[in-house]
Undergrad: 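Handing you a structure now.
Note on naming: letters A, B, ... go to the chains in the order of the sequence lines (proteins, then strands), and numbering restarts at 1 for each one.
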Amino acid sequence: MSTINFSAHEINFKIVYYGPGMSGKTTNLKKIYENIPQESKGEMVSLATEDERTLFFDFLPLDLGEVNGFKTRFHLYTVPGQVFYNSSRKLILRGVDGVIFVGDSAPNRLRANAESLRNLRENLNEYNLDLDDLPFVVQINKRDLPDALPLDMIKQVLDPTGKIPFIGAVAAKNEGVLEPLREVSRLVLEKLAQTA
Amino acid sequence: MLEPSLDLYGETFEKVDALFEDLLTKSHGLYVLIVDLKGFVIAHNKALWAPKPPSLDSLATLIASNYSANIAIAQLFGEKGFKEMVQQGDGIGMYVEELTDKTLLVTVFDSSAALGRIKLFTKKTIVEVKAVLAASTDTRPTMNFDDKWQSSTQSLIDGLFGASK
Ligand SMILES: Nc1nc2c(ncn2[C@@H]2O[C@H](COP(=O)(O)OP(=O)(O)OP(=O)(O)O)[C@@H](O)[C@H]2O)c(=O)[nH]1
Ligand SMILES: [Mg+2]
């Protein structure tokens with residue numbers, strides 16, 4: 001649920017980047033940090049292992065600007081994708097308003113994508129949240145891999161209903177990074193306007 | 001849905017802010033914050049003589065996550081949570097206590113303050129803030145998310161996230 005702070009005049013949203021280990025979640029946040037002008041972003045915080053794997057989360061606050069005297073703020077988080085960090089993933093999902101799932105195009109990660117998506121649904125259920133009710137966008141990253149699976153095939157496996165927006169990306173080259181963020185932000189604000 | 005983590009505005013906010021001033025004066029703390037468990041800053045104050053604080057967004061996020069992680073650790077041992085969260089470095093310390101089920105009160109202090117005083121006055125402030133919140137007669141302001149608000153925010157989104165290279 002989005003939160004409002006009447007004394008600070010802020011509307012706050014929490015967006016979480018989810019997905020299997022090494023799919024490029026942290027890379028997305030780093031690229032967003034590079035893309036966004038100084039006045040619209042805060043410091044990026046990364047809690048990572050020595051070899052740069054996410055241990056707890058990455059965090060980046062963004063300031064969209066002001067409408068009717070209220071600032072709209074997005075807090076972006078990534079979860080650690082490695083399977084054994086599930087308790088950390090669960091904690092990061094607390095109070096989530098929108099999710100961007102970062103999938104991997106590599107053939108040998110297809111199963112990891114599907115398992116991570118299932119794990120996302122399970123962890124959301126623990127907060128009594130249903131992924132189908134949440135603003136949700138899928139980014140399929142690493143489209144540059146020579147053996148990248150066709151986007152349609154990955155889509156078939158992850159979303160047979162075809163209802164979820166899918167966006168191909170090469171996050172490392174800053175391609176397809178802002179699109180999913182824009183899409184999920186739109187959905188999040190739309191949902192707020194409908195339910196407030 | 002849109003809800004405040006804490007109903008803090010109008011006169012209630014002024015009163016809580018006065019309690020913060022009082023806490024900082026009496027305990028010699030540097031900063032006091034209310035953060036919610038989602039990691040957002042709800043309210044904050046700083047002592048007149050305190051230097052500029054570090055990024056409050058980073059601080060709130062790390063405190064909320066740290067607090068949640070500590071509860072998860074306690075639960076591994078069948079505990080509901082740990083009673084208090086104290087952090088002490090050579091120069092700076094931090095004392096964290098639950099304010100409501102969704103928010104924490106945090107007092108940051110330096111070596112010129114005594115931990116005992118910080119704890120004592122933070123606990124006292126929590127009781128007082130709770131009393132102020134309970135006695136509040138302020139009505140929650142309303143927000144209008146009309147078409148104009150929607151189109152304005154959408155164009156902000158396009159402006160900020162629009163051009164991906
Ligand atoms: N080929 C290719 N590699 C990429 C791309 N995006 C990220 N990578 C690489 O993939 C590796 C993992 O990226 P991270 O962003 O750390 O992945 P993560 O999802 O945060 O991983 P965890 O924190 O372990 O969950 C790094 O070596 C990146 O450089 C891409 O678009 N194409
Ligand atoms: Mg990472």
Side-chain angles (χ1 to χ4, degrees), chain A residues 1-8 10-12 14 31-32 35-37 40 42-45 47 56-57 59-68 70 72-73 75 77 87-88 90-92 94-97 173-183 185-186 189-196, chain B residues 1-10 12-14 16-17 36-44 54-58 60-62 64-66 68-69 71-73 75-76 102 138 140-165:
Chain A
M1 185 179 24
S2 19
T3 49
I4 186 161
N5 185 333
F6 286 107
S7 49
E10 289 173 358
I11 301 172
N12 295 318
K14 179 170 179 177
K31 292 299 171 188
I32 292 164
N35 277 304
I36 300 291
S40 304
E43 287 170 13
M44 182 165 163
V45 175
L47 301 185
F56 200 173
F57 59 82
F59 167 72
L60 175 62
L62 298 179
D63 234 318
L64 198 58
E66 211 174 284
V67 178
N68 294 349
F70 273 76
T72 302
R73 314 191 68 218
H75 279 189
Y77 288 81
S87 43
S88 305
K90 224 182 285 177
L91 293 179
I92 303 307
R94 179 201 287 269
V96 63
D97 297 302
K173 295 193 187 119
N174 199 17
E175 288 166 22
V177 168
L178 289 181
E179 287 84 346
L181 181 58
R182 182 173 60 209
E183 189 58 31
S185 309
R186 273 177 147 34
L189 289 165
E190 236 172 66
K191 188 176 175 208
L192 172 63
Q194 281 164 10
T195 57
Chain B
M1 235 201 301
L2 186 70
E3 267 196 9
S5 304
L6 200 64
D7 276 296
L8 198 58
Y9 29 75
T12 311
F13 177 78
E14 305 295 330
V16 167
D17 200 46
D36 70 13
L37 292 180
K38 275 178 81 167
F40 289 99
V41 181
I42 305 299
H44 62 95
S55 158
L56 293 183
D57 283 329
S58 305
T61 292
L62 289 166
S65 319
N66 193 20
S68 307
I71 288 186
I73 293 168
Q75 285 172 347
L76 290 179
K102 284 184 196 155
D138 297 322
R140 193 183 277 182
T142 50
M143 269 268 335
N144 192 7
F145 299 102
D146 52 10
D147 291 349
K148 199 167 149 264
W149 181 86
Q150 273 209 63
S151 64
S152 303
T153 46
Q154 293 296 0
S155 58
L156 285 177
I157 287 178
D158 291 340
L160 195 58
F161 306 144
S164 189
K165 283 158 267 171

Undergrad: Go through B:Ser68, B:Ser55, B:Pro141 and name the one with the most non-hydrogen pairs under 4.5 angstrom from chain A.
TA: B:Pro141

Undergrad: Using a strict threshold of under 4.0 Å (side-chain N to carboxylate O), is an ion pair present between B:Asp36 and A:Arg94?
TA: no

Undergrad: Locate the shortest heavy-atom distance separating A:Glu43 from B:Ser58; write the atom from each residue and the value.
TA: OE1-OG, 3.5 Å

Undergrad: Backbone N or O of A:Ile92 within a donor-acceptor pair of the A:Lys14 side chain at under 3.5 Å?
TA: yes

Undergrad: With chain B, which of A:Val45, A:Leu64, A:Leu91 has the greatest number of heavy-atom pairs at distances under 4.5 Å?
TA: A:Leu64

Undergrad: Contact part of A:Ser87 toward chain B, heavy-atom cut-off under 4.5 Å: side chain, backbone, both or neither?
TA: neither

Undergrad: What part of A:Ile32 gets within 4.5 angstrom of chain B, counting heavy atoms only: side chain, backbone, both, or neither?
TA: neither

Undergrad: Contact part of A:Leu60 toward chain B, heavy-atom cut-off under 4.5 Å: side chain, backbone, both or neither?
TA: neither

Undergrad: Say whether A:Asn5 and A:Ser7, considering side chains only, have a donor N or O and an acceptor N or O under 3.5 Å apart.
TA: yes

Undergrad: Out of B:Leu156, B:Asp7, B:Thr12, which one racks up the most heavy-atom pairs below 4.5 Å with chain A?
TA: B:Leu156

Undergrad: Would you mind checking which part of A:Ile36 comes under 4.5 Å of any heavy atom in chain B, side chain (CB onward), backbone (N, CA, C, O), both or neither?
TA: side chain

Undergrad: Considering only heavy atoms, which portion of B:Asn144 lies under 4.5 Å from any heavy atom of chain A: side chain, backbone, both, or neither?
TA: backbone

Undergrad: For B:Ile71, is it the side chain, the backbone, both or neither that has a heavy atom under 4.5 Å from a heavy atom of chain A?
TA: neither

Undergrad: If I compare all heavy atoms of B:Phe161 with all of A:Arg182, which pair ends up nearest, and what's the gap?
TA: O-NH1, 3.5 Å

Undergrad: Quick one: closest heavy-atom pair of B:Phe145 and A:Ala193, and the distance?
TA: CB-CA, 4.1 Å

Undergrad: When B:Val16 is tested against each of B:Ile42, B:Leu8, B:Leu6 for side chain to side chain contact (heavy atoms under 4.5 Å, CB included), which residue passes?
TA: B:Leu8

